There are 2 protein chains.
Amino acid sequence: MVTIKDIARLSGVSKSTVARILSNSGSYSDVSKEKVLKIAQELNYKPNSLARAMITKKTNNIGLVIHSRIYPVISHPFFASIVSSAVDAATKQGYSVMVFNDKEIQNSLDNIRQKQMDGIILAGYVDKSIVQELKSNYIPVVLVNDLIDTTYETSYVINDDFGGSFQAIQYLIDSGHKTIGFIHGPKDSQSYHQRLSGYKEAFKQGKIEWDERYVVYQETPNIEGGIQATKQLLAADPLPTAIFAGNDMMAIGVIKEIKSRGLQVPYDIAVVGFDDIEFSSIYEPALTTVRTDKKLMGEMAVQELIRQLEGADEANTITLPTELIIREST
Amino acid sequence: MVTIKDIARLSGVSKSTVARILSNSGSYSDVSKEKVLKIAQELNYKPNSLARAMITKKTNNIGLVIHSRIYPVISHPFFASIVSSAVDAATKQGYSVMVFNDKEIQNSLDNIRQKQMDGIILAGYVDKSIVQELKSNYIPVVLVNDLIDTTYETSYVINDDFGGSFQAIQYLIDSGHKTIGFIHGPKDSQSYHQRLSGYKEAFKQGKIEWDERYVVYQETPNIEGGIQATKQLLAADPLPTAIFAGNDMMAIGVIKEIKSRGLQVPYDIAVVGFDDIEFSSIYEPALTTVRTDKKLMGEMAVQELIRQLEGADEANTITLPTELIIREST
DNA sequence: CTGAAAGCGCTTACAG
DNA sequence: CTGAAAGCGCTTACAG
């Protein structure tokens, strides 16, 4: 590895001068500059960021902690896009991203501190205590995709869960549906609470009585969860004419269960999902769903974190717009 | 941040002694040990890995470069599992992983050098020159999921593309198929070459004449690519009775195109994919495919890289077994 | 404009 | 068993 010492020796100036030229700070002569830059170039010099970070107290590394309590969530298409877009956005701004899995969260937290990450993005559900620990170590944090009730001021980036849900139900109501099932995800997830609120609000504005028998809770929001929830929903009388699933994976389960009973989607029962994962447009029938912008989510999380790293102190709440995508399941 | 200096002061010994005790090296008395450990505990001391790395020349960080030439590959379910399992495996061994996107590969490479990554995993197709640059900087490299022809000795982890393909075609032949279409992915991918070889070998062993009209190349191996390739295949006379797609996404395109012509899968034409991505079992008809072990792939890549970091010098080739999963499309 | 010096937080011989 | 010292590769005042 070539160091400033090597460059200093070869260009006949001191390390200090080399350092000043290379970091473009302080003053130096054009002559020195030319010599130093030329040698650095020839030697393909790259500054050692560890050494730099020791002094500047800034590594230009951010941590991305992925939640994995429910299913292997990193491999979930939804979170994968966040990782991808976060990496891209961070790279553009001169940061690198280190990915951690919250399965061994305490371990990750220790790593984050030891490795001097500048800040952390927590994607998905996290325990309050995690945010607390980070905050008490003065590490900037941005929460993504779900929020938690904390006494600490924390920035977060979430989807407009309420609005997306509201729009979906309103569309269903406008299409003539009056009995609409709703499948709620894990109870500790704020996102699903918001989606339920949007559901209720649409009923209210549509002046339709809301019947709680059609709201079902499902702790494992995947295909199997959707199937189980649908079994409950289809035990009601009258049958719902539409089902709004808390997410796309559950929605696919809903369709599968409906089909298995010899009923047809959307003729007998219409189905709407939430997320617009890649499969939703590929599945048959293609799923009507509330699209969230996963790419933007990663980007905004990075942007907000960097904003904090650069000194902003107030916590920011960023709500990303959703869009109803109408396909074949309604 | 609490440092060994703080601990030294509070426990009344020198920094050297604290360092020795904390890193459990050299010698020290039990009395000192007890005092130091207690204080370190109380102060919730975590060593600064930057400082440590400066001396040991080891960061315990590895880079994972994800290829994204064809589609946003990080968000591709296949690569997401690799990221996930690599992070898990690395964590278990005391390493952290930094994710880079090869879209800006030179930029990433600079980062990798500056940030002193101990080693690199290159997932997906990479240009020879990248491996060369890494090697000439003495950075250990492991190639994953595709290999390249390089004069440098490099370790890689790949699937048994030949064997998986061979088994799939043999199964098709055993089921009575004689005219089997094959959709090859990008020409520069060794994986697809291997899959084609397996296809040919099965024909050879089945003593069936191989007809090159049934082999089609497709540079964009996604659903649309599968649809286009199928159009070519269905222009042949006689029609193939089975189509083996180079990957699952293309296989789904194949099925869509077959369906759109009013033909039925598998009755008119059987379809087999490769990968066994999550969606393959969800799609209808559920896809018969060659399963690859994405989780194991990430794990083995990490394991092999660590093996090198610990001094192993020969390059290792790890071929992961595949498994034919028979579902509804055949 | 330039160089010597101190220091970031740690590790590692080396004397005592 | 213990402490002082040197050093990892850089940055940053500070004299000159």
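The analysis underlying the following values was restricted to heavy atoms, covering all of them including side chains, and did not include hydrogens, waters or symmetry mates. Worth saying up front: this structure is predicted, and the values here are computed from it rather than measured. Chain letters run A, B, ... following the sequence lines, proteins first, then strands; residues in each count from 1.
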Report summary line: Here the distance between atom C1' of C:dC10 and atom CZ of B:R20, to the nearest Å, is 13 Å

Query raised in the report: Base, sugar-phosphate alone, or nothing: which one does B:S27 contact when heavy atoms must sit under 4.0 Å apart?
Result: base

Query raised in the report: Has B:K135 got more than 12 heavy atoms of other residues, nucleotides or ligands less than 6.0 Å from its NZ?
Result: yes

Query raised in the report: Looking for any heavy atom pair under 4.0 Å, which part of the strands does A:S16 touch: base, sugar-phosphate only, or nothing?
Result: base

Report task. Just call it for A:S32: base, sugar-phosphate, or nothing, with non-hydrogen atoms closer than 4.0 Å on any strand. Result -> sugar-phosphate

Query - Whole angstrom value for the distance that separates P of C:dT12 from NZ of B:K57 - result: 12 Å

Requested in this report: Please state how far atom CZ in A:R9 lies from atom P in D:dC10, giving the value in whole angstrom units.
Outcome: 13 Å

Query raised in the report: For the pair made of CE in B:M1 and P in C:dC8, what is the distance, rounded to whole Å?
Result: 15 Å

Query raised in the report: Does C:dT2 pair with anything, Watson-Crick or G-U wobble, both distances under 3.5 Å, and if so, with which nucleotide?
Result: D:dA15

Query raised in the report: Pick one: which of B:E42, B:Q41, B:E34 meets side chain to side chain donor-acceptor pair (under 3.5 Å) with B:K38?
Result: B:E42

Report task. May I ask you to evaluate whether B:S29 reaches the phosphate of D:dC1, defined as a side-chain N or O under 4.0 Å from OP1 or OP2? Result -> no

Report task. Indicate, with a heavy-atom threshold strictly under 4.0 Å, whether A:T3 touches base, sugar-phosphate, or nothing. Result -> sugar-phosphate

**Report entry** Candidates C:dG3, D:dG3, C:dT12 - which lies nearest the side chain of B:T56
**Finding:** C:dT12

Report task. Using atom NZ of B:K5 as one end and atom C1' of C:dA6 as the other, report the distance to the nearest whole Å. Result -> 11 Å

Query raised in the report: Under 3.5 Å, is there a donor-acceptor pair between the side chain of B:T91 and the main chain of B:V87?
Result: yes

Query raised in the report: Between B:S14 and A:S23, which has a closest nucleotide on DNA chain D that is more 5'?
Result: B:S14

Report task. Please report the C-alpha distance between B:T59 and B:K115 in whole Å, then the side-chain angles of each, then the deciding distance to 0.1 Å, and finally whether the side-chain contact (heavy atoms from CB on, under 4.5 Å) criterion is met. Result -> CA-CA 9 Å; B:T59 55; B:K115 297 195 168 164; over 6 Å; no

Report task. List in numerical order all residues of residues 39-55 of chain A for which some heavy atom is under 4.0 Å away from an atom belonging to DNA chain C. Result -> A:M54, A:I55

**Report entry** Residue whose nearest DNA chain C nucleotide is more 5′ - A:K15 or A:G26
**Finding:** A:G26

Query raised in the report: Which value, in whole Å, describes the distance between the P atoms of nucleotides C:dG7 and D:dA4?
Result: 16 Å

Requested in this report: Taking only Lys NZ, Arg NE, NH1 and NH2, and the carboxylate oxygens of Asp or Glu, determine whether B:D6 and B:R9 approach each other closer than 4.0 Å.
Outcome: yes

Report task. Calculate the interatomic distance between A:E34 atom CD and C:dC1 atom P; express it in whole Å. Result -> 15 Å

Query raised in the report: Residues two or more places apart in sequence or in another chain: which of them pass salt bridge (charged side-chain N to carboxylate O under 4.0 Å, His left out) with B:E314?
Result: B:R307

Report task. Would you check if there is a donor-acceptor pair between the side chains of B:T17 and B:S14 at a distance under 3.5 Å? Result -> yes

Report summary line: A:I21 atom CD1 is separated from C:dT2 atom P, nearest whole Å, by 7 Å

Requested in this report: Provide, to the nearest angstrom, the distance between the CD1 atom belonging to B:I4 and the P atom belonging to D:dA5.
Outcome: 16 Å

Query raised in the report: Are there more than 12 heavy atoms of other residues, nucleotides or ligands under 6.0 Å from atom NZ of B:K58?
Result: yes

